[in-house]
Amino acid sequence: MSDAKIKICGLTRLEDIEAANALLPDYIGFVFWERSKRNVSKEQAKELKSRLDSRIKAVGVFVDAEIDFIADLVSCGIIDVAQLHGSEDEDYISQLRGRIGGAEIIKAFNINKIESFDEAEKSSADHIMIDSGKGSGIAFDWSKLERLKRPYFLAGGLSAENISEVLASIKPFAVDVSSGVETDGFKDRAKMKRFVESVRS
């Protein structure tokens, strides 16, 4: 049995929230990036969060967003965690931390763009994520992560079909799935269930 935490990202509908509440992943994600097909507005996210089981942390996913915007979502109780997927540097993270109190920060690093894990290892974010691009859903050579000493979220190309194999070879702190639990661009309750059960078994 894996003790990896589970994040299901890109929830956009009330039925997605209902499915998550039944499965109780550790995190769900709301995407606040206009170029994403999973983008939600503040109003949409507020409604969805109001229906979310309080045991599940809501993560806001951002790409070079205005710090004021993220701070507003935290102060309104719409998100509990900020996940950064752009070119946010240490100065940005420091400024953001000063605005969001105790809310956690996840900084994502693209495995295809970093030459070494040094930057990720030294990041002042509470957590780091290793993925293959902004919600690309593309898998990569996970064995590279054996060299990474710091706990990490793993994203990119995960699904119920491959997660057991992944967790047999590496031990991420958490696994993050989005397109891998979708059918025709929308979250699929049955696929979400299979993914969660595959991780927990």
Side-chain angles (χ1 to χ4, degrees), residues 1-11 16 19-20 22-31 36 38 55-59 61-63 80-86 88 93 104-183 185-201:
M1 178 174 168
S2 170
D3 58 1
K5 296 188 180 300
I6 299 170
K7 175 168 173 271
I8 302 176
C9 200
L11 275 58
D16 301 343
L23 296 168
L24 290 178
D26 302 277
Y27 307 87
I28 60 92
F30 298 134
V31 177
S36 169
R38 304 179 187 94
R55 291 171 286 182
I56 305 171
K57 289 185 177 180
V59 180
V61 179
F62 306 94
V63 179
D80 309 299
V81 182
Q83 179 176 317
L84 311 176
H85 267 272
E88 304 91 355
I93 292 172
E104 294 182 325
I105 298 171
I106 302 170
K107 174 60 183 149
F109 294 88
N110 184 334
I111 190 78
N112 300 309
K113 292 185 177 178
I114 54 175
E115 292 180 13
S116 76
F117 288 125
D118 286 354
E119 186 184 354
E121 297 266 16
K122 294 173 182 173
S123 173
S124 63
D126 300 282
H127 302 283
I128 58 170
M129 174 178 287
I130 306 296
D131 74 356
S132 53
K134 301 179 184 73
S136 70
I138 299 170
F140 57 90
D141 180 2
W142 291 300
S143 66
K144 292 179 180 178
L145 297 174
E146 291 172 1
R147 301 194 304 273
L148 183 57
K149 302 178 185 71
R150 180 174 174 173
Y152 58 91
F153 280 69
L154 174 64
L158 301 179
S159 67
E161 287 67 45
N162 64 18
I163 193 63
S164 296
E165 177 191 349
V166 171
L167 294 176
S169 60
I170 57 174
K171 302 290 183 246
F173 167 75
V175 290
D176 186 343
V177 67
S178 185
S179 59
V181 291
E182 290 180 348
T183 298
F186 292 99
K187 292 294 176 282
D188 181 316
R189 184 185 286 252
K191 288 183 178 179
M192 290 168 67
K193 186 171 187 284
R194 283 201 301 276
F195 182 84
V196 169
E197 289 175 347
S198 296
V199 174
R200 291 179 175 158
S201 65

If you measure from [atom1] on [X] to [atom2] on [Y], what distance do you get to the nearest 0.5 Å?
X	Y	atom1	atom2	value
Ser132	Leu154	OG	CG	9.0 Å
Ile128	Ile105	CD1	CD1	14.0 Å
Arg189	Arg194	CZ	CZ	13.5 Å
Leu11	Ser178	CG	OG	8.0 Å
Asp3	Phe173	CG	CZ	9.5 Å
Arg38	Asp16	CZ	CG	11.0 Å

So, do [X] and [Y] sit near enough that their side-chain heavy atoms are less than 4.5 Å apart?
X	Y	value
Leu23	Ile6	no
His85	Asp131	yes
Val196	Val181	no
Ile170	Glu146	yes
Ile8	Lys187	yes
Val166	Val175	no

_Proximity of Phe109 and Tyr152 rings by center, below 6.0 Å_ =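 That pair fails the under 6.0 Å test.
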Any donor and acceptor pair, going by atom type alone, linking the side chain of [X] with main-chain N or O of [Y] inside 3.5 Å?
X	Y	answer
Arg147	Phe117	no
Asp176	Tyr27	no
Arg150	Ala120	yes

If you take all heavy atoms of [X] and [Y], which pair is closest and at what distance?
X	Y	result
Ala160	Ser198	O-OG, 3.8 Å
Ile93	Ser123	CD1-OG, 4.1 Å
Met129	Ala155	SD-CB, 4.0 Å
Glu121	Lys149	OE2-N, 2.9 Å
Leu158	Val177	O-CG2, 3.4 Å
Asn162	Gly157	ND2-O, 2.8 Å

Are more than 12 heavy atoms from other residues, nucleotides or ligands located less than 6.0 Å from atom [atom1] of [X]?
X	atom1	result
Lys193	NZ	no
Glu119	CD	no
Lys191	NZ	yes

*Non-neighbouring partners of Asp126 that pass salt bridge (Lys or Arg N to Asp or Glu O under 4.0 Å), sequence neighbours left out*: Arg97
*His127 vs Phe153 aromatic rings, parallel, tilted or perpendicular, using cut-offs 30° and 60°?*
perpendicular
